[in-house]
Every structure is written in structure tokens, then in C-alpha cells.
Amino acid sequence: MSAIRHALTVTRDSDFAAWYQEVISEAEMAEESGVRGCMVIRPWGYGIWERIQALMDARIKAAGVENCYFPLFIPLSYFAKEAEHVEGFAKEMAVVTHHRLIGDGKGGLVPDPEAKLEEPLIVRPTSETVIGAAMARWIQSWRDLPLLTNQWANVVRWEMRTRMFLRTSEFLWQEGHTAHADRADALEETLRALEMYRSFSEESLAMPVIAGEKPENERFPGAVATYSIEAMMQDGKALQAGTSHYLGTGFAEAAGIQYQDREGKQALCHTTSWGVSTRLIGGVIMTHGDDDGLRVPPAIAPQQVVILPMLRDDDGDAALLAYCEELRRALVAQFALGEPVRVLLDKRPGKATGKRWGWVKKGVPLILEIGGRDAASGQVSVLRRDRLWREDGKPNFIAQARDLFLAQATSEIENIQSSLHAEATSRRDANIVRGLVSFDALAEHFAESARYPGWVELGWAKPTGAELEDVVTRLKALKLTIRNTPMGGEGVTGNCLFTGKPATERIYVARAY
RNA sequence: CGGGGAGUAGCGCAGCCUGGUAGCGCAUCUGCUUUGGGAGCAGAGGGUCGGAGGUUCGAAUCCUCUCUCCCCGACCA
């Protein structure tokens, strides 16, 4: 059978959750911090986040949205103004109540009772309320609209159960907040952000997603409509990878965001908010990772090429390093995916073979191992991370003339990006089941394929209120959730799986993170 | 927050029941030999046993409290 000795000890098949954690730890992306639910993001993980930030920020700015920054602390009274919103977040908010410590007489420190805050401060779980207060000051006239803002920040949600990158107590994100004159304009912005997330996921993360509207039971607290992009992980579960909300006038009413229209009348603004977070990194791991670690799509790889000189600790090293340095210079002068190629010449002491597995686990798209013979004969040995193994179970190094490699480097990098996307897309499509005609058939489907259940696409009559609650409860018994209604998902035939009424739209049903 | 498991060297673990000088493997460091595909041999360094109290002549080990992590639930824009 396979003689392959994988770089990880746990495979995806044997224990997906343990595999996920081993990737993060072995790729040196993040580690425990000692604070409940909070992680230290290490250089490789943070480097990926910085790439995501750079590419997403460019898209945000291209849409005319301006960055700004609001405080970490939000007065409790701001939250109290929007009832649904505060109710949705009340159970997971960190609260600051004191501003000074005092000795407890036993060598420890306790909050000083004398230093209790008049009004508790919330550590932001999201910033609608504080940004809304600013919008109320900034907007006077219809000429001030639309107001398009975004901030890159950390937020805190005191989750009961946390998982690295997927659900941490503190996480990094961008939150866009916009105010508009009317519903149509706000809804257009909501959907523009959704499309921005969809195309970013597909193009930059090589992660196929389905963009659509969440059912009403999954709406953001206080929102009129919530949209999401949903990605399928390799265990068949769904990951909500980004959300965009049309908030109606509820937040405007609570914060007093109004403007004088062309007729001179006061009117409430329609607001939106939208965000993606460090959760995207978890999605990338579970979309592209394999039994040898991470595979980073080149667009978001901190380094796209790593050059490993096979140092011998002798007189030949100088010439070898010179050859590698020249190779590095030739590569960084090239462009791939619209940017200069990112190359690291790894000169650290140690054997190239040992260092190689570290980069394999980190998922660098291309690894070049260069020995004295390569240097002498003008060759390179190329290892593509997405085609790691030969059939005989050995690393799939391909010896190439240096000049030929340089001529093809750009297309090679771009090909890895598209290959990862194609692989993930065909896997997702192969794991979406259609045509189930009854709830029993749905239950049977997920009972039979408990390990890789994938998603089910079906038609429903979009029940609301108590009728929807009933559907949610029945699905919950199967550990299933409604993910979203894909954009353009109307016009289905047949009957609703839950109510028996004529179906009006398509939905995706899946187990979810 | 409920149920279960765990915390001992950088990583993975044994020791705990039955208290008596802190162990193993990998990794690291040094030396020698090797070395074009995840090297071998020899030697060495590294730990207030998650934290705080308690019992005891003596605590990794027994008791109490607490923190953190993992799994299953509940919760989850």
C-alpha cells in the first residue's frame, strides 16, 4: 500500500478535529495563551491574516468605503437603546466595572471598591452602537449620504465553547458600517458587500462559497435581513465565512441617525453592517489542508516560494548561497497574481531536508531545494505543495533548468491558486445532494453518511414565526441547520419538505461549525 | 453553563491507586562519522510536577479550592 510517511501524525479521516488542531500547531499558526478562549497568533498565522487584510482592504477602499477607528469600550447605555441587539449579545459581553486595583492584604490584588465606574463599559462585541452614535453627529443632510465607513479591530464575545480561529473569545475582523437615505440604497450596499466577500473568498482564498440570505431565526440581533457566504469544509460541515446585514432603521432610531431630505423633512437613515474575521483562516485550513499540513493559496501566502540551499558547512556553501540569492532576486522581480512574487531564502543553519518539512506543514506553495550540483549545472529542484507525493511515496521533486523554471514561475504560482480552487469546488459540488423529497429522506441521508454528510439542497415554502421554529427544532434533532437561501434561489418546483406547501425557494441544509 | 477527560522538560507521555532523592521517547546542544533527499553513534543540558491552601517528619502522589485545555451537550452576529 502507500509507503507515504505524512508530515502529520493525525489524518483527516481518522479524527478531523484533532487533525485541525495539529495543523495549527505544526504549521506554527497559533497557540494557547493561558487566557480562556484567547489565542496567540504566531508569525505564520498572522502573516496570512495580513495578506487577507491587504487584499480585502483594497476591495473595501475600491468601493469608496473609508477606514476609521472607534473605541474598544462602549458605554452600557449605548447597547440598552436597541432592545433586540442587547438581548442578542447580553450573554456574551465582557464588562469593565473598575479602573483601579488595591491590595487585598494577602499579597494579592482586587478591584478597588472606591474605583467603581459610574457606568460599566462593555468591551465591544461589535460596534453598531458606538459607530451609530458617531453617525448621528456626522449626518445632517441628504448630501451627507451615503456614509461609508469600515474599521479593522478586535472584538470580544464570551463564547462558552471556543475553537482556534473558528470561535475565539477575542478575534480580529473588519466591520463595515454604512448609512443610507433609503431602503433600496442600503440593501444595494448590503448585497455589494456580500458579493465582495463571495468574490474575495473564491479568488483570494480559493474557497468556494455560496452567497445567500439567512433564515429569520439566524438573523443578526436587530437586523432586518442577514446575508452570508457559506463554505463547505472537508468534513462536510458548513462554515459561515462572512456576513452582511441590512439593519433597516432600527439602529438609526436608537442612535438618532437622521437627515434632512430634499423636501426639508427629517428622515431616519437605513444602515448596514458587514464583516469577516480571523475565522476565514480556519476556513482556509479546513478547505485546503491535507495530511501533511496546511496548503496556503498563493494569493494569501506570506511566502510563495521558499528556497532551501543544501548547505554542507564547507567551502562550497558560499557559491551555493550566491546561486540561491541570484535565484531569489530573479523571482522577486517577477509578478504573480498581480503582485511581486514573495520569496524567502531560508539560510538558517540546519539540513535542508529537515527544514523542508517545516515549510511543507506551513503550506508554502513552492519549495526549491538547491544543492551544489544544481548550482553547478544551472538547475533547480521544485516541489509543488499541492502535488507533494510521487506514486512511489517519495516527495515529488522535479528537476528543471533554472531558466525554464524562471520563465514558468508566474504561471506555476497562478496555477496552484486555481488548482486549489478547482479541487475545493469539485469536492463541494460532489457533496451537495439534491432531490430529497421528504423529511424522512433527509433524516435517512444524514443518518447513513454520518461522517461526511455534506449539504442538502432542497425547496421550501419559507415558513415564518412558529412554523419556522418548528422546522428549526426538527432539524436540530438531526444536528442540522439551515445555512442560507442562495441568491437567485427562487422559482423552484415541487413541495416544501417541511410544510408540504408549494416550495418558493431553495435552501441549503447542513451540519455547521 | 451541565456531563466526561486531561494538565509532570520545547513536544508526546509514564510515575499517582499503595507518600520516601524527577523518569522515558522525540526534539535541543557538543563531538565524531555520514550526507542529493525526513542520517548514525557517543556524551551533555533542560522540570518550583498548572496555581493556591491543607494533612504529614516528608506530597507529583492524599484532601479542598481555583485556572486552563480537549470531547459531548446547551449557547453561538
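Fair warning: this is a prediction, and the values are worked out from it, not measured in the lab. Reminder, nothing fancy here: chain letters follow the sequence lines and each chain counts from 1.
- No engagement by A/P395 is indicated, since no non-hydrogen atom pair under 4.0 Å with the nucleic acid exists.
- If you check every strand for non-hydrogen atoms under 4.0 Å, A/H245 touches sugar and phosphate atoms only.
- Following rounding to the nearest Å, A/L308 (CG) and B/G36 (P) show an atom-to-atom distance of 16 Å.
- Looking at residues two or more places apart in sequence or on another chain, you find a salt bridge (charged side-chain N to carboxylate O under 4.0 Å, His left out) between A/D346 and A/R348, A/K355.
- Looking at heavy-atom distances under 4.0 Å, A/G275 makes no contact with the nucleic acid at all.
- One interatomic measurement links the two molecules: CE of A/M93 to P of B/C76, which rounds to 14 Å at whole-angstrom precision.
- The residue A/T126 sits apart from the nucleic acid: no heavy atom pair falls under 4.0 Å.
- Between A/W152 and A/W49, the two ring planes are perpendicular [angle over 60°; tilted spans 30° to 60°].
- A/T226 and A/H245 are linked by a side-chain donor-acceptor pair at a separation below 3.5 angstrom, with hydrogens and angles left out of the test.
- When both pairing distances are held under 3.5 Å, B/C32 makes a Watson-Crick or G-U pair with B/G40.
- A donor-acceptor contact closer than 3.5 angstrom is absent between the side chains of A/S244 and A/T190.
- With sequence neighbours left out, A/E170 forms a side chain to side chain donor-acceptor pair (under 3.5 Å) with A/N154.
- Pairs engaging residues 376-405 of chain A under the ring pair (Phe, Tyr, Trp, His ring centres under 6.0 Å) rule: A/H6-A/W389, A/W357-A/W389 [sequence neighbours left out].
- Rounded to a whole Å, the NZ atom of A/K237 is 17 Å from the P atom of B/C76.
- Judged by Watson-Crick or G-U wobble contacts below 3.5 Å, the nucleotide B/C24 has B/G12 as its partner.
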*asked:* Please evaluate residues A/N150 and A/W274 with respect to the criterion side chain to side chain contact (heavy atoms under 4.5 Å, CB included), reporting the C-alpha separation (whole Å), side-chain torsions for both, the decisive distance (0.1 Å), and the verdict.
replied: CA-CA 9 Å; A/N150 176 69; A/W274 28 274; 4.2 Å; yes

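- At the heavy-atom level, A/S381 lies under 4.0 Å from base atoms of the strands shown.
- For A/L320 and B/U35, the CG to C1' distance is 14 Å, given to the nearest whole Å.
- Rounded to whole angstrom, the span from the NZ atom of A/K355 across to the P atom of B/G36 amounts to 17 Å.
- Taking the six-membered ring where tryptophan is involved, the planes of A/W19 and A/F16 are tilted, since the angle between them lies from 30° to 60°.
- With a 3.5 Å ceiling on both atom-pair distances, B/U56 lacks any Watson-Crick or G-U wobble partner.
- A/R483 pairs with exactly one of A/K214, A/M232, A/R511 by the side-chain contact (heavy atoms from CB on, under 4.5 Å) rule, that one being A/K214.
- Remark: A/K476, A/K479 in residues 473-483 of chain A come within less than 4.0 Å of RNA chain B through at least one heavy atom.
- If you take NZ of A/K91 and P of B/C75, they are 8 Å apart, rounded to a whole angstrom.
- Contacts between residues 167-175 of chain A and RNA chain B, counted as heavy-atom distances below 4.0 Å, involve A/R167, A/F171.
- Using the Watson-Crick or G-U wobble rule with both distances under 3.5 Å, B/U68 pairs with B/A6.
- In this structure, A/K214 places its NZ atom 13 Å from P of B/C76, rounding to the nearest Å.
- When heavy atoms are screened at a 4.0 angstrom cut-off, A/R219 is found touching the sugar-phosphate backbone but no base atom.
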Output one line per pair: protein atom, nucleotide atom from nucleotides 68-71 of chain B, and distance, for all N/O pairs under 3.5 Å.
from  : atom 1 : to    : atom 2 : distance (Å)
B/C69 : OP1    : A/G37 : N      : 2.6

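- Between A/S25 and B/C11, a side-chain N or O to OP1/OP2 separation shorter than 4.0 Å is absent.
- When all heavy atoms of A/L166 and A/R279 are compared, the pair lying nearest together is O-NE, 3.0 Å.
- Within 4.0 Å of A/W389, counting heavy atoms only, lies at least one base atom of the nucleic acid.
- Side-chain atoms of A/R163 and A/Y513, non-hydrogen and from C-beta on, do get closer than 4.5 Å to each other.
- The partner of B/G45 cannot be assigned: no Watson-Crick or G-U wobble pair with both contacts below 3.5 Å exists in any strand.
- With a cut-off of 3.5 Å on both pairing distances, the Watson-Crick or G-U wobble partner of B/G73 is B/C1.
- When rounded to the nearest whole Å, the span between CG of A/D313 and P of B/U30 equals 11 Å.
- Between A/E505 and A/T485, the side chains place a donor N or O and an acceptor N or O closer than 3.5 Å (distance only, hydrogens not considered).
- A salt bridge does not link A/R192 to A/E195: none of the charged nitrogens lies less than 4.0 Å from a carboxylate oxygen.
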